[in-house]
Amino acid sequence: MELLCIRQWISGLLPTWLSAWCIKPVGGALVRQEPEYILLALMGSPLKKIMLCSSEKEIFSVEEQVMVQHSVIINNMIEDGSYNHEESKIPLDCVDSKTLKKVIDYCTHHTHHHNDNQEDLEAWDAQFLNVDSNGLYDLLMAANYLEIRNLLDLIYGTIKNMIKGKKIDEIRRIFNIKDHGFTPEEEEQNRKEYPHFY
Amino acid sequence: MEGFHHHHSSITSPFSYTFAITGTAATTSTFNTTPWMNSRIWSKLPQRLIDRILAFLPPPAFFRARSVCKRWYALLFSNSFLELYLQVSPRRHWFIFFNHKISKSYIYKNNNNGATGTASNHNNDGYLFDPYDMAWYRISFTLVPSGFSPASSSSGLLCWVSDEAGPKTILLCNPIIGSLTQLPPTPRPRLFPSIGLTVTPTCIDVTVAGDDMISPYAVKNLTSESFHIDGGGFYSIWGTTSSLPRLCSLESGRMVYAEGKFYCMNCSPFSVMAFDITSNAWFKIQAPMRRFLRSPSLLECKGKLLLIAAVEKSKLNVPKSLRVWTLQSCGTMWVESERMPQQLYVQFAELEGGNGFECVGHGEFIVIIIRGTDKALLFDISRKRWQWIPPCPYRRHHHHGFVDELHGFAYEPRLATPVTGLLDHLTLPFQNFNA
């Protein structure tokens with residue numbers, strides 16, 4: 001952290017128009033350092049940021065607090081010291097930029113608005129999940145990889161609502177279950193147990 | 001009714017003969033709007049994630065999903081799936097209702113032919129109500145023998161207590177998977193006790209309070225006994241008893257659990273009896289506006305104790321209303337937290353006609369059942385929404401033309417209740433209920 005401060009202090013001596021647009025190579029990618037980050041780094045503020053790198057090699061800068069609160073994986077990385085603020089970015093090779101941006105959106109909103117009332121949060125969540133099937137699938141895989149419990153609960157809740165009304169044949173089609181494995185007698189038995197579900 | 005079988009493991013017992021869940025036609029209307037799911041996307045889901053979706057399904061949908069394929073069918077018996085289920089399954093604040101007459105008069109009417117065990121009106125059907133979808137389901141409790149009545153519910157288990165006066169036998173039942181576990185009988189004979197049950201993943205607490213029939217002169221001697229067992233190895237098999245404060249009557253027959261205590265409504269005058277489990281002590285809490293209350297009930301919501309009642313100040317110019325109070329952290333003061341909108345109360349009072357009503361609460365929901373009718377209101381505390389509940393399509397109408405009273409419990413349907421395994425370690429003499 002000290003090395004970073006000194007470097008930033010030096011760049012702080014530069015004319016503001018230059019330091020504001022300070023572009024440094026970080027781990028092979030280019031990232032823009034926001035001026036407030038430089039100032040805050042000097043002040044040692046809790047608004048530390050971390051870098052997340054999508055599969056398309058795009059870097060996203062996020063408040064460390066936000067990601068640590070939501071993602072178990074990122075929290076572990078920061079805690080066990082494998083993330084070096086100075087040099088590192090966290091590579092997320094299975095998450096594309098579009099999905100990563102959405103995930104960051106979710107975590108940021110929920111951190112900053114966690115005191116909001118239930119209805120407002122639910123409305124925001126519903127709007128957030130207003131995506132197509134591909135988007136929902138990608139969000140699910142990303143949230144699963146990053147282990148973001150509340151986002152996972154939200155997504156699973158949505159999928160559950162999509163599934164729970166569907167007939168058996170329809171569910172088989174969706175998950176491409178070609179061989180259900182029941183004998184005709186067993187199928188008949190299943191049907192008898194829950195006649196109203198057919 | 002044949003005798004029941006003591007199931008040792010709630011996980012491996014086949015359940016098909018113990019219950020049937022039938023959905024209502026009303027529920028299909030909510031299903032028509034589900035979006036089309038692209039199989040090219042969803043068939044790529046890894047199995048573990050599919051299992052997680054299944055763990056999220058409410059029980060009726062879960063049992064339907066079991067018919068999809070053999071692998072899904074077997075999940076109910078898979079320990080790894082049940083572990084996942086217990087971790088991720090959301091809390092479902094449902095209710096279950098029964099047709100039983102649980103009132104003082106039952107001890108004078110002997111509905112059950114106890115000797116033969118076959119009562120003509122023995123009907124252990126429960127009506128499961130989902131307040132999220134406003135849907136009814138029916139569950140049979142065929143494992144529970146006659147001569148038992150439902151008394152309490154916690155964490156997916158329903159507590160049934162023997163009707164006959166004497167030492168009481170208590171059964172814990174999970175109707176979803178067809179498991180039945182028996183507690184050791186209470187040492188003291190009791191007439192009509194109130195039962196409190198609270199179950200967590202690692203412990204079971206039961207308190208039985210009421211007249212212990214010690215005196216042959218029919219003077220009530222009110223005492224309570226407590227049962228505790230936990231995963232840490234501590235257990236107290238009806239070892240703790242304590243006496244209740246004088247001049248109390250536990251007529252409501254039911255206890256509500258909140259913050260380490262069981263609460264019970266005390267009548268004439270209205271007050272609340274509280275039992276602190278850890279200190280094994282009873283104390284009284286004054287009820288708010290106690291001289292003006294009608295049909296008070298106790299509920300638990302988000303860990304806090306609520307009292308709901310109709311308020312009628314006939315002498316003052318105060319409109320009659322239905323109010324909800326919350327017990328504050330100090331444990332003795334109440335603050336009014338909700339009131340039924342006046343227009344709705346007018347409608348409600350007309351239907352109720354002074355017959356009284358019963359309330360049950362679970363999570364953010366309160367159900368208010370008007371006695372003698374099949375009308376019930378649902379109040380969602382977090383959304384401040386009042387709705388009339390569609391009548392249950394499965395209830396038989398009494399041949400006299402009026403409807404049996406519905407008695408309800410907060411019930412959370414669960415696919416697994418492994419805590420009952422703690423009871424299996426107690427070696428009990430097997431009690432056969434055959435005639």
Side-chain angles (χ1 to χ4, degrees), chain A residues 117-123 129-141 143-145 149-150 152-183 186-198, chain B residues 15-17 19-25 27-50 52-74 87-90 132-133 137-138 364 381-384:
Chain A
N117 75 56
Q118 194 63 21
E119 275 201 0
D120 289 341
L121 281 175
E122 282 178 9
L129 277 189
N130 196 9
V131 292
D132 63 13
S133 280
N134 267 313
L136 191 62
Y137 181 89
D138 291 337
L139 269 174
L140 173 60
M141 300 310 270
N144 183 59
Y145 176 70
R149 179 64 192 257
N150 50 354
L152 275 173
D153 282 352
L154 179 67
I155 297 174
Y156 278 114
T158 303
I159 298 176
K160 164 206 86 174
N161 285 332
M162 289 157 78
I163 295 278
K164 78 180 179 188
K166 300 229 183 305
K167 294 199 156 55
I168 311 279
D169 287 335
E170 180 67 5
I171 298 178
R172 287 177 184 155
R173 181 197 66 78
I174 293 169
F175 293 103
N176 200 27
I177 295 170
K178 298 215 164 76
D179 175 21
H180 53 72
F182 291 119
T183 66
E186 285 168 337
E187 275 214 288
E188 190 52 45
Q189 179 66 22
N190 288 343
R191 227 183 292 271
K192 278 206 200 112
E193 278 174 20
Y194 321 108
H196 288 236
F197 290 164
Y198 284 87
Chain B
F15 64 90
S16 53
Y17 56 83
F19 79 103
I21 290 185
T22 48
T24 56
T27 60
T28 54
S29 57
T30 57
F31 299 156
N32 289 338
T33 53
T34 54
W36 186 72
M37 290 177 76
N38 187 342
S39 69
R40 255 185 303 150
I41 301 170
W42 298 107
S43 56
K44 288 189 292 172
L45 266 185
Q47 283 201 354
R48 181 97 181 145
L49 298 198
I50 294 183
R52 201 153 165 177
I53 296 177
L54 296 176
F56 254 75
L57 290 174
F62 176 80
F63 283 103
R64 186 153 23 105
R66 292 185 80 215
S67 306
V68 165
C69 65
K70 267 239 150 108
R71 192 185 85 80
W72 291 16
Y73 188 88
Q87 268 175 39
V88 309
S89 163
Y132 301 96
D133 283 344
Y137 302 93
R138 177 171 54 190
E364 69 268 38
I381 300 179
S382 51
R383 289 175 186 76
K384 307 276 188 257

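Proteins get letters first, then strands, A, B, ... in listed order; numbering begins at 1 in each.
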Atom pair NZ/OG of A/K160 and B/S89 - distance to nearest 0.5 Å: 9.0 Å
Quick one: what part of A/L140 sits under 4.5 Å from any heavy atom of chain B, side chain, backbone, both or neither? side chain
Using non-hydrogen atoms and a 4.5 Å limit, figure out which bit of A/I177 sits close to chain B: side chain, backbone, both or neither. side chain
B/R64 (side chain) donor-acceptor with A/K166 (main chain) under 3.5 angstrom: yes
Most chain B-contacting option - heavy-atom pairs closer than 4.5 Å, from A/I155, A/L136, A/D169: A/L136
Are any of the side-chain heavy atoms of A/Q189 and B/S67 separated by less than 4.5 Å? no
Can you tell me how far the CZ atom of B/R66 sits from the CZ atom of A/F182, to the nearest 0.5 Å? 8.0 Å
Taken in chain and number order and not counting sequence neighbours, the residues that satisfy ring pair (Phe, Tyr, Trp, His ring centres under 6.0 Å) with A/Y145 are none
Hits for side chain to side chain contact (heavy atoms under 4.5 Å, CB included) against B/S382, two or more places apart or cross-chain, chain-then-number order -> B/K302, B/E364, B/D380
d(B/L57 CG, A/I163 CD1) to nearest 0.5 Å is 7.0 Å
Report yes or no: does B/R383 contribute a side-chain atom to a donor-acceptor pair with the main-chain N or O of A/Q118 at less than 3.5 Å? no
Note: vs chain A, highest number of non-hydrogen pairs under 4.5 angstrom among B/L54, B/I50, B/I53, B/V68 is B/V68
For A/N144, which atoms come within 4.5 Å of any heavy atom of chain B: side chain, backbone, both, or neither? side chain
Tell me whether A/R173 contacts the main-chain N or O of B/N38 through its side chain, where contact means a donor paired with an acceptor under 3.5 Å. no
Measure the OG-CZ distance between B/S39 and A/R172 for me, rounded to the nearest 0.5 Å. 15.0 Å
With a 6.0 Å cut-off (strictly less than), is the heavy-atom count around CZ of B/R48, excluding the residue itself, greater than 12? no
Heavy-atom contact with chain B under 4.5 Å, split by part of A/D153: both
What one should report as the nearest heavy-atom pair of B/M37 and A/I159 is CE-CG2, 4.4 Å
Does any backbone or side-chain atom of B/P90 lie under 4.5 Å from a heavy atom of chain A? Answer side chain, backbone, both or neither. neither
Nearest heavy-atom neighbours spanning B/K70 and A/G181: CG-O, 3.3 Å
Walk me through it: do A/K164 and B/D133 pass the test salt bridge (charged side-chain N to carboxylate O under 4.0 Å, His left out)? CA-CA 12 Å; A/K164 78 180 179 188; B/D133 283 344; 2.8 Å; yes
Rounded to the nearest 0.5 Å, what separates atom CH2 in B/W42 from atom CD1 in A/I171? 13.5 Å
Rounded to the nearest 0.5 angstrom, the CZ-NZ distance for A/F175 and B/K44 is 13.5 Å
Against chain B, work out which of A/N176, A/N117, A/I174, A/D132 has the most heavy-atom pairs shorter than 4.5 Å and name it. A/I174
